[in-house]
Amino acid sequence: MNYWLFKTEPSECSIDDFARNPQQPIVWEGVRNYQARNYLRDGVALGDQVLIYHSSCKHLGVAGIVKVVRAAYADPSQFDSRSVYYDAKATVAQPTWVAVDLVYVSKLSHLITLDKIKSSAKMAELPLVQKGSRLSVMPVTAQQWCDLLALQ
DNA sequence: GCCAACGTTGGC
DNA sequence: GCCAACGTTGGC
């Protein structure tokens, strides 16, 4: 099993949206960056655990944990001309983008803030805090996972 | 709202 | 294949 960190703007989808319906999978769609897509398509597997990071908001940080209940499949939003994620170049026969399905695991009792993550020497290699890193899907090692959760 | 950093596009 | 221009991300 592998570990990941996914970024999301909580106004779009937050850990509370998962917690509200803990059995209900949420379609993780709209990833439109090739490197992130490749992680999602080639790395993210059924059963993997994912840290949910809240970006572009007042309280930046890791807010909770979800897990993968369906591995990569064609992101339906790429075919939907009304969607902001629509991609005219993608076809059903040859989709460009993928989605996964996630369900709630837990909400952290205290947000692990970006400040805290940045000030932890053990987190120096985490892609999240590396200069210029803008990936919305990034791998987390087992060691980083343990160390990160120990910060809460 | 600013801006650094990175990604994408398209002319050549 | 280069690279300038533009678009996006995301913390500050």
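Numbered from 1 within each chain, the chains take letters A, B, ... in sequence-line order. Excluded from the calculations below are hydrogen atoms, water molecules and symmetry mates; all remaining heavy atoms, backbone and side chain alike, are included. The structure presented is a predicted model; accordingly, all values stated were derived computationally and were not measured.
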Would you mind writing out the side-chain donor-acceptor pairs for residues 145-152 of chain A within the sub-3.5 Å range, not counting sequence neighbours?
{"from": "Asp147(A)", "atom 1": "OD1", "to": "Gln143(A)", "atom 2": "NE2", "distance (Å)": "3.3"}
{"from": "Asp147(A)", "atom 1": "OD2", "to": "Gln143(A)", "atom 2": "NE2", "distance (Å)": "3.4"}

Contact interval (first through last nucleotide) of DNA chain B with protein chain A, 4.0 Å heavy-atom: dA5(B) to dT9(B)
- prompt: Residues in side-chain hydrogen bond (donor to acceptor under 3.5 Å, both in side chains) with Trp28(A), at least two apart?
  reply: none
Without placing hydrogens or testing angles, list every side-chain donor-acceptor pair under 3.5 Å for residues 52-73 of chain A, not counting sequence neighbours.
{"from": "His54(A)", "atom 1": "NE2", "to": "Ile15(A)", "atom 2": "N", "distance (Å)": "3.2"}
{"from": "Tyr73(A)", "atom 1": "OH", "to": "Asp101(A)", "atom 2": "OD1", "distance (Å)": "2.5"}

Run the side-chain donor-acceptor check on residues 118-129 of chain A: report pairs under 3.5 Å with partners two or more places apart or on a different chain.
{"from": "Ser119(A)", "atom 1": "OG", "to": "Asp115(A)", "atom 2": "O", "distance (Å)": "3.1"}
{"from": "Ser119(A)", "atom 1": "OG", "to": "Lys116(A)", "atom 2": "O", "distance (Å)": "3.0"}
{"from": "Ser120(A)", "atom 1": "OG", "to": "Lys122(A)", "atom 2": "N", "distance (Å)": "3.4"}

task: Go through the structure and list residues passing ring pair (Phe, Tyr, Trp, His ring centres under 6.0 Å) with Tyr104(A), not counting sequence neighbours.
output: none
message: Contact list please: residues 51-60 of chain A against DNA chain C, heavy atoms, distance less than 4.0 Å, in numerical order.
response: Tyr53(A), Ser55(A), Ser56(A), Leu60(A)
field: With sequence neighbours excluded, residues passing side-chain hydrogen bond (donor to acceptor under 3.5 Å, both in side chains) with Ser77(A)
entry: Arg32(A), Asp75(A)
- request: Return the set of residues passing side-chain hydrogen bond (donor to acceptor under 3.5 Å, both in side chains) with Gln144(A) (not counting sequence neighbours), or none when no residue passes.
  value: Thr141(A)
